[in-house]
Engineer: 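The structure follows.
So you know, we letter chains A, B, ... as the sequences are listed, proteins then strands, and number each from 1. Only this structure's heavy atoms are used, side chains among them; waters, hydrogens and symmetry mates stay out.
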Amino acid sequence: MMNWIDIGTIDDIPERGARLVKTPVGCVAVFRTSGDEVFAASNSCPHKGGPLSEGIVHGNKVTCPLHNWVFSLETGEAQGADEGRIATYPIRIEDGRLLLDASALAAKDAA
Amino acid sequence: MQKLVIIGAGMASGRAIEHLLEAAPGAFDITLFNAEPRGNYNRIMLSPVLSGEKTYEEIVTHDADWYEANGVTCRFGEKVVEVDRARKVVVGEKGEVPYDQLIFATGSNAFIIPMPGHDLPGVVTFRDLEDTGAMIEAAGKPGSRAVVIGGGLLGLEAAAALRLRGMDVTVLHIATHLMERQLDPAAGYLLKKDLERRGINVILEAQSKEIVGNGRAEQVNLADGTELPCDIVVMAVGIRPAVSLAQECGLACGRAIEVDAQMRTSDPSVFALGECVEFEGNLFGLVAPLYDQAKVLAATLTGGEATFAMRELSTKLKVTGCDLFSAGDFAEGEGREDIVFRDPARGVYKRLVIENDTLVGAVMYGDTADGNWFFGLIKDGEDISDIRETLIFGPGFLGGDTADPLSAVAALPPEAEICGCNGVCKGDIVAAIDGGATDLGALRATTKASASCGTCTGLVEQVLAVTLGDGFQMPTAQPICGCCDLTHEDVRRLIKSQELKSQEAVWQELGWKTLNGCHVCRPAVNYYLLADWPIEYQDDPQSRFVNERNHANIQKDGTYSVMPRMWGGMTDAAELRAIADAAEKYGAAVKVTGGQRIDLLGITKEDLPHIWRDLNEAGMVSGHAYSKGLRTVKTCVGSDWCRFGTQDSTGLGIKLEKLLWGSWTPHKVKLGVSGCPRNCAEATCKDVGIVCVDSGYQISVAGAAGMEVKETEPLATVKTEDEVLEWTVAFIQLYREGAKYLDRPYKWVAKVGLNWIVEHLSDADTRRALNARFELSQSVYRTDPWAAEVAKSERYTPLADLTLEAAE
Ligand SMILES: Cc1cc2nc3c(=O)[nH]c(=O)nc-3n(C[C@H](O)[C@H](O)[C@H](O)COP(=O)(O)OP(=O)(O)OC[C@H]3O[C@@H](n4cnc5c(N)ncnc54)[C@H](O)[C@@H]3O)c2cc1C
Ligand code: FES
């Protein structure tokens with residue numbers, strides 16, 4: 001079952017940027033692309049834990065600020081030669097409000 | 001006969017009446033009210049009427065004879081003031097009319113921002129013939145000026161038309177690019193450029209504050225203090241459905257009159273269509289769906305069966321020469337892929353958005369010939385996986401060429417400057433090539449192009465390649481990254497010669513292959529733009545690496561280090577006390593650095609604005625220990641205290657630091673000032689080192705003390721402190737303007753040669769010009785970023801905390 005929680009508005013996030021949301025499974029980064037699309041994914045880089053919310057957002061990808069691993073925000077997959085994946089979470093926009101699916105955050109915890 | 005009353009003789013009701021008369025001639029006794037003193041005309045053609053390309057007579061769709069011939073009773077110029085649904089009568093200004101069936105077709109009203117002065121005469125909207133007439137009249141005065149508020153479809157059509165009539169036109173738009181609802185930033189950029197080419201002034205992110213004037217609109221003032229004198233103000237900021245009449249008579253309304261798929265309102269004998277309706281939460285602003293509604297309504301009223309459904313829409317701007325096309329949904333999104341095509345020489349941009357092997361959106365600029373073909377694919381939801389490879393080239397694709405990376409150079413006009421050092425333009429080079437100079441060496445010998453600083457070498461080679469065609473073998477140069485085919489040097493040069501002043505401009509004109517670059521090119525391009533266009537270009541924090549964006553150095557545990565500036569390495573008891581207090585309050589580790597200041601380590605991101613505020617209050621500012629910019633000016637105590645000191649090295653260091661702080665450079669810059677040749681400040685391994693001697697000052701540059709260690713090389717020996725400042729700034733500005741991003745000065749000097757730099761800076765005029773450009777840039781950047789960030793402190797906190805909620 002989905003449990004959509006209002007976490008703020010799209011304007012709270014800079015275009016081509018990100019903000020953090022604290023959750024029971026750790027920090028989740030909420031990204032906003034140049035096309036005003038939003039994505040939610042784990043903030044922590046599988047390489048050495050770099051904070052992905054601090055990375056440069058380009059297209060639908062983010063580059064980790066520590067060692068430049070690049071992740072697709074859609075699939076969570078590391079791009080290019082690097083291997084790894086970040087968890088992604090359902091998020092949607094309704095009337096400019098950002099709704100994050102809290103049930104997905106809890107489910108990941110149980111798994 | 002059924003008595004049918006229609007309120008509003010607009011585009012939607014006009015079409016509905018045609019269908020009705022066709023389906024059931026003579027079945028209805030129609031009375032048509034219209035507030036405008038005329039019948040139906042093609043409202044969307046008001047733009048060409050405004051520009052003078054058409055007359056009003058040409059756009060009338062139903063004239064008096066037509067209404068007469070079809071037995072429609074016209075009550076034009078009469079507003080309906082009330083609807084009494086209980087008695088089934090419509091009350092016009094001149095009397096009542098009973099109805100069996102009623103249609104609302106009241107359209108929309110133009111929205112007016114209620115800013116001070118909005119009600120002055122001379123402020124108009126763009127909705128009907130009266131508005132159009134008022135604008136034409138204003139344009140009739142020679143030398144008259146218009147301010148158009150709103151850079152959407154209507155505002156731009158008005159602006160282009162008024163410009164065609166010879167007015168001086170300024171468009172104010174609140175968003176970061178024009179027509180942001182229909183276009184993406186890349187297409188918006190091209191549109192702006194085209195409009196500017198026609199002489200229309202476009203101001204983006206404009207905050208209109210007020211309209212002022214003596215009895216009529218004479219000037220628009222913006223929040224940033226800009227004043228725009230004008231003779232007319234056109235407000236084109238959007239429309240609002242005209243629903244007050246419907247609301248007053250109790251029909252169900254959301255944002256507009258709610259209708260079902262048969263166009264019926266909450267009252268079974270009352271219908272509505274056009275821009276005044278809301279269907280399943282959707283509002284309407286283009287005629288295509290309104291024509292569908294007209295068909296459905298006619299069927300409903302004549303006992304037929306029809307259902308209205310939403311459909312895809314496409315947009316074109318009716319400005320001759322601005323070819324744009326947008327359809328479908330082109331937001332980036334999960335599972336979506338982009339195909340981007342750019343042809344900078346022709347000003348063409350095309351972007352297709354694909355999802356699940358179908359085309360879902362298209363934005364095109366410059367060449368929209370295939371727009372309708374793409375629109376067809378979007379509407380049909382056809383599987384495009386088989387044609388995907390060549391899709392962007394349109395239906396006529398036969399295999400063959402893609403965009404030419406050299407086209408940016410080919411497009412340069414002959415007078416474009418290629419080699420700035422020697423003032424050689426493209427035409428000179430082409431002439432030399434035609435005269436037999438067919439390689440770089442020969443070109444350098446004949447024209448001097450690229451014979452000095454060398455940053456234009458790549459460009460000169462491209463001019464060779466373009467001019468000679470296959471006869472030229474291009475040496476392979478390393479492009480910045482996979483997003484483009486150009487080297488750093490080429491991009492720098494083209495930003496200057498083509499006057500590219502935004503990231504969108506660079507991506508488009510230089511043929512970027514990605515939507516908005518990557519982590520390699522974005523910081524470089526951002527730096528080049530702010531270095532070359534300090535006033536026009538605004539620094540983009542989202543194109544900076546984390547440390548520069550957060551004005552602190554991130555540590556491996558995710559905390560940050562904070563370092564206040566200590567001018568010339570001097571501090572005092574009050575500052576030290578404030579630092580001690582901050583260290584205690586925020587639990588920081590304290591480290592004395594090699595740059596003569598104090599580092600506070602282990603600060604969380606959320607605490608950054610707080611510690612900055614505390615340090616600001618004690619009079620301290622950012623030390624920029626994180627930036628590709630001026631770091632420190634290390635000094636020794638100098639003649640004030642030292643028995644060997646020959647000059648006031650500390651004082652000079654402070655002067656240098658106060659002059660240079662805040663400036664961005666291709667890589668970090670460190671200075672040292674030593675008071676005597678014993679060199680206690682270790683000045684001779686800095687980027688710029690000053691050693692004081694009895695007779696004056698020795699300035700040397702291009703040292704290094706990192707992975708590589710290198711002694712500085714002498715630049716000049718001067719007599720006065722003022723000369724030290726002038727030479728130092730000139731050197732740093734030359735580095736700022738010429739070096740590749742992430743090259744320290746010693747690397748750049750090795751590439752261009754110290755001789756060239758010395759020769760260049762020996763000219764007093766050149767030094768003065770470099771100082772003037774540096775000072776212009778510093779008028780923007782010589783400020784404390786901490787103070788600015790404290791004001792935006794919410795950026796440093798999490799957006800939300802769900803740790804409590806989800807636990808429940
Ligand atoms: C300059 C301009 C350019 C445009 N360009 C395009 C384009 O390129 N493509 C496109 O698809 N669309 C375009 N549009 C939009 C298009 O014109 C509208 O979508 C369309 O006209 C709406 O039709 P309508 O019948 O709902 O309303 P309207 O055509 O506005 O008709 C409503 C009528 O109702 C009358 N009325 C309102 N209240 C009352 C009342 N109480 N009593 C009596 N009468 C009343 C009004 O006076 C008006 O005449 C453009 C619009 C403008 C203004
Ligand atoms: S921690 Fe992300 S790339 Fe190393």
Engineer: How many angstroms lie between SG in B:Cys518 and CD in A:Gln79, if you round to the nearest 0.5 Å?
Structural biologist: 12.5 Å
Engineer: Above 12 or not: heavy atoms from other molecules or residues under 6.0 Å from CD of A:Glu83?
Structural biologist: no
Engineer: Just verifying a value: how many Å separate B:Gln542 CD and A:Arg32 CZ, rounded to the nearest 0.5 Å?
Structural biologist: 9.5 Å
Engineer: Side chain, backbone, both or neither: which part of A:Val28 has a non-hydrogen atom closer than 4.5 Å to chain B?
Structural biologist: neither
Engineer: If you draw a 6.0 Å radius around NZ in B:Lys513, do more than 12 non-hydrogen atoms from other residues or ligands fall strictly inside?
Structural biologist: yes
Engineer: Counting C-beta onward and ignoring hydrogens, is there a side-chain heavy-atom pair between A:Ser34 and B:Leu515 closer than 4.5 Å?
Structural biologist: yes
Engineer: Between B:Asp184 and chain A, with a heavy-atom cut-off of 4.5 Å, which part of the residue counts as in contact: side chain, backbone, both or neither?
Structural biologist: neither
Engineer: Nearest 0.5 Å, what's the CZ-OG distance between A:Arg16 and B:Ser543?
Structural biologist: 4.5 Å
Engineer: Taking everything shown except A:Arg92 itself, do over 12 heavy atoms lie less than 6.0 Å from its CZ?
Structural biologist: yes
Engineer: Calculate, to the nearest 0.5 Å, the distance between atoms CZ and CD belonging to B:Arg549 and A:Glu54 respectively.
Structural biologist: 5.5 Å
Engineer: CZ/A:Arg19 to OG1/B:Thr797 distance, rounded to the nearest 0.5 angstrom?
Structural biologist: 5.0 Å
Engineer: With side chain to side chain contact (heavy atoms under 4.5 Å, CB included) as the criterion, how do B:Leu799 and A:Leu20 come out once you've worked through the C-alpha distance, each side chain's angles and the decisive distance to 0.1 Å?
Structural biologist: CA-CA 6 Å; B:Leu799 182 58; A:Leu20 274 189; over 6 Å; no
Engineer: First locate atom NE2 of B:His519, then atom OG1 of A:Thr63, and finally report the distance between them rounded to the nearest 0.5 Å.
Structural biologist: 4.5 Å
Engineer: Given 3.5 Å as the limit, does a donor-acceptor pair link the side chain of B:Asn516 with the main chain of A:Gly59, or not?
Structural biologist: yes
Engineer: Between B:Thr803 and A:Pro24, which heavy-atom pair has the shortest distance, and what is it?
Structural biologist: CG2-N, 4.0 Å
Engineer: Select one option (side chain, backbone, both, neither) describing which atoms of A:Leu73 are under 4.5 Å from chain B's heavy atoms.
Structural biologist: neither
Engineer: If the condition is ring-ring contact (aromatic ring centres under 6.0 Å, His included), which residues does B:His173 pass it with, not counting sequence neighbours?
Structural biologist: none
Engineer: Give, as side chain, backbone, both or neither, the part of B:Asn550 having an atom under 4.5 angstrom from any heavy atom of chain A.
Structural biologist: side chain
Engineer: Can you tell which part of A:Asp36 gets under 4.5 Å to a heavy atom of chain B, answering side chain, backbone, both or neither?
Structural biologist: neither
Engineer: Report yes or no: does B:Arg522 contribute a side-chain atom to a donor-acceptor pair with the main-chain N or O of A:Val57 at less than 3.5 Å?
Structural biologist: yes
Engineer: What is the minimum heavy-atom distance between A:His58 and B:Gly517, and which atoms define it?
Structural biologist: CB-O, 3.1 Å
Engineer: Which bit of B:Asp338 comes within less than 4.5 Å of chain A, counting heavy atoms only: side chain, backbone, both or neither?
Structural biologist: neither
Engineer: Among B:Asp540, B:Asn547, B:Ile554, single out the residue with the greatest number of heavy-atom pairs under 4.5 Å to chain A.
Structural biologist: B:Asp540
Engineer: Does a sphere of radius 6.0 Å around CD in B:Gln538 hold more than 12 heavy atoms from other residues, nucleotides or ligands, not counting ones at 6.0 Å or beyond?
Structural biologist: no
Engineer: Less than 4.0 Å between a side-chain N and a carboxylate O, is that true for A:Asp12 and B:Arg795?
Structural biologist: no
Engineer: Would you mind telling me which of B:Arg336, B:Lys556, B:Glu180 has the largest number of heavy-atom pairs within less than 4.5 Å of chain A?
Structural biologist: B:Arg336
Engineer: Would you say that B:Asp801 contacts A:Val21 through its side chain, given a criterion of any heavy-atom pair below 4.5 Å between the two side chains?
Structural biologist: no
